[in-house]
Protein chains: 2
Amino acid sequence: PVRRIALYGKGGIGKSTTAANISAALADLGYRVLQIGCDPKADSTKMLLHDASIKTILDCVKEGNTELSGMIHEGYKGIMCAECGGPRPGTGCAGRGIIVAFETLEAKDVIRVCQPDVIIYDVLGDVVCGGFAMPIRHGYTRDVFIVTSGELMALYAANNIAIAVNDMSSKGYARLGGIIQNSRDIECENDVVDAATEEIGTDVIFRMPRDKIVQTCESNKMTVVEGAPDSVQAGLYRELAKKILSLTKGYAGGMKGE
Amino acid sequence: PVRRIALYGKGGIGKSTTAANISAALADLGYRVLQIGCDPKADSTKMLLHDASIKTILDCVKEGNTELSGMIHEGYKGIMCAECGGPRPGTGCAGRGIIVAFETLEAKDVIRVCQPDVIIYDVLGDVVCGGFAMPIRHGYTRDVFIVTSGELMALYAANNIAIAVNDMSSKGYARLGGIIQNSRDIECENDVVDAATEEIGTDVIFRMPRDKIVQTCESNKMTVVEGAPDSVQAGLYRELAKKILSLTKGYAGGMKGE
Ligand SMILES: Nc1ncnc2c1ncn2[C@@H]1O[C@H](COP(=O)(O)OP(=O)(O)O)[C@@H](O)[C@H]1O
Ligand SMILES: Nc1ncnc2c1ncn2[C@@H]1O[C@H](COP(=O)(O)OP(=O)(O)O)[C@@H](O)[C@H]1O
Ligand code: SF4
Ligand SMILES: [Mg+2]
Ligand SMILES: [Mg+2]
């Protein structure tokens, strides 16, 4: 069976950066990864594709391109990349791209065709409704990790996401795996994040420092794991990837490397 | 006729701080102001009410309290305060509170009862759909001002809001009044905001500096205009309020002070 992991968090908090680097680290370890961007911004997989713009699944559907090969693109070390996309702002539900994309991927039997070991959903978490709630419903996700900093608005969003996951845990089987702190160097950030995490009733599974090397690799259109593999930050992303693997075991049947 | 102004922008950008200070400045000038928070966070009017928690309109409706006096509360210098509220995260559309609130306020004839000179809607702008789009539809708003900083995510949201306003301008009569820069002291912030504003096709109507006095007054549960009236920042909020008055003229019939 496939690991199904979702990264949720406030827009701009660092979900895509973190997701892409986790995917790259997993690919380096030999895992087959499918990363699906669930954000109307549609740039979750950009760094895995060296900034190549791919058609969103919503756009493929709108244009009548129903081939899976038009929707899923190979990036760094064979990571399979997809972007749900979203409607024009103001026209209907912002999460509609996710709903359409998930229905389309299911109809095209993406799991059987692509055979991933790990699926990573990178999902906008400012509001957890409509399409943005879909990844944690109906069994699409098993483990949800919330990316946050010590900033008030990021923690407020984290709390909302936790509420949504807990409320929906009976309907699907999504559970809250923990908090990933993506630091913004605010005062007493660790204490602030710890306090909020305790209130939510979960654990901080990793603290990622803020590091300029992220920007450096970004300007070279790469993840840190690819662009600066010997850096401290790359080592931390690898550590985070291993931590996530250890927290998402317990699946019946064979799993690579376990 | 009543001025109907909406402040939109990314969550955490400073909409409520700016809206409350504009309202306070207008109240000091003798205007009757109705400020309506359209954010599930429901804290738009907190500083005008000295941190008193008011029932959201959605909660009033849920509890069967249909009296307008339970929904509209008087704050600083008689400013009329209301919060739309929002559903529990994950349960239905996050904008539903706004939809229910607007229908309820219309049904209770709030304009005729409260007789405001100015209505200020403070609206979450991370996604402009469902209830969050309602203020710019059907004539509820005439002038939309987008609050942004030089941060990428804030500008991305600003662009989305502008797209939504332009697309809907034929249906209602909402127009984009301009950009309010709420500075976050990032590098070359003025240039960055100017460039994005030009791409949107509008103007920066005001630059508000980042100032610790906002936090000081906040900890005293007040707006800057009330808590530090002789400060530079209070003077700037008053200037912004006057600028907004000058940009929102052109209404048939009498308007206080014009
Ligand atoms: N650990 C980090 N250190 C430095 N910069 C970071 C870090 N994580 C993210 N960033 C920066 O923050 C910005 C927003 O991150 P992104 O992953 O796009 O957010 P999201 O996907 O949550 O909207 C990116 O431009 C990225 O360069
Ligand atoms: N000009 C400013 N200077 C300093 N702090 C500010 C300024 N504007 C807003 N803030 C701070 O930013 C935080 C978020 O602002 P808020 O108005 O609640 O954002 P929003 O309503 O857009 O979510 C507040 O805690 C406030 O203290
Ligand atoms: S369900 Fe959420 S994303 Fe969809 S219209 Fe409502 S607020 Fe927007
Ligand atoms: Mg992203
Ligand atoms: Mg607010």
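Values in this document were obtained by computation on a predicted structure and should not be read as measured data. Letters A, B, ... are given to chains in the order of the sequence lines, protein chains preceding strands, and every chain is numbered from 1.
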Exercise for the section: Give a yes or no answer on whether the side chain of Ser183(B) reaches the backbone of Met208(B) with a donor-acceptor pair at less than 3.5 Å. Expected result: yes
Exercise for the section: Taking only Lys NZ, Arg NE, NH1 and NH2, and the carboxylate oxygens of Asp or Glu, determine whether Lys46(B) and Asp51(B) approach each other closer than 4.0 Å. Expected result: yes
Practice task
Check whether any side-chain heavy atom of Gln181(B) sits under 4.5 Å from a side-chain heavy atom of Glu189(B), and report yes or no.
Solution key: yes
Practice task
State which residue, out of Thr17(B), Asp39(B), Asp122(B), fulfils the side chain to side chain donor-acceptor pair (under 3.5 Å) condition with Ser44(B).
Solution key: Asp122(B)
Practice task
Pull out the residues in residues 123-133 of chain B that come under 4.5 Å of chain A, heavy atom to heavy atom, sorted by number.
Solution key: Leu124(B), Asp126(B), Val127(B), Val128(B), Cys129(B), Phe132(B)
Exercise for the section: Verify whether one side chain among His50(B) and Glu226(B) offers a donor that lies under 3.5 Å from an acceptor in the other. Expected result: yes
Practice task
Answer yes or no: is there a side-chain heavy-atom contact under 4.5 Å between Val165(B) and Thr141(B)?
Solution key: no
Practice task
Decide yes or no for Arg142(A) and Thr248(A): does some side-chain heavy atom of the first lie under 4.5 Å from some side-chain heavy atom of the second?
Solution key: no
Problem - Any side-chain heavy-atom pair of Leu7(B) and Tyr121(B) under 4.5 Å - result: no
Handout entry: Derivation of the side-chain contact (heavy atoms from CB on, under 4.5 Å) call for Phe206(B) and Ile244(B)
Key = CA-CA 9 Å; Phe206(B) 207 87; Ile244(B) 285 179; over 6 Å; no
Handout entry: Verdict with supporting geometry, Asp143(A) and Arg4(A), side-chain contact (heavy atoms from CB on, under 4.5 Å)
Key = CA-CA 6 Å; Asp143(A) 303 282; Arg4(A) 299 163 186 265; over 6 Å; no
Exercise for the section: Determine, stepwise, if the pair Gln35(B) / Ser23(B) fulfils side-chain hydrogen bond (donor to acceptor under 3.5 Å, both in side chains). Expected result: CA-CA 7 Å; Gln35(B) 180 168 329; Ser23(B) 294; 2.7 Å; yes
Practice task
Can you sort out the partners of Lys62(A) under salt bridge (charged side-chain N to carboxylate O under 4.0 Å, His left out), two or more places apart, ordered by chain and number?
Solution key: none
Handout entry: Heavy-atom contacts under 4.5 Å, residues 83-90 of chain B to chain A
Key = Arg88(B), Pro89(B), Gly90(B)
Completion exercise
By residue number, those in residues 145-158 of chain A with heavy atoms under 4.5 Å from heavy atoms of chain B are Met153(A), Tyr156(A)
Practice task
Determine whether Ile36(B) and Leu105(B) make a side-chain contact, defined as any pair of heavy atoms from C-beta on separated by less than 4.5 Å.
Solution key: yes
Completion exercise
Bottom line for Lys41(B): the part with an atom under 4.5 Å from chain A's heavy atoms is both
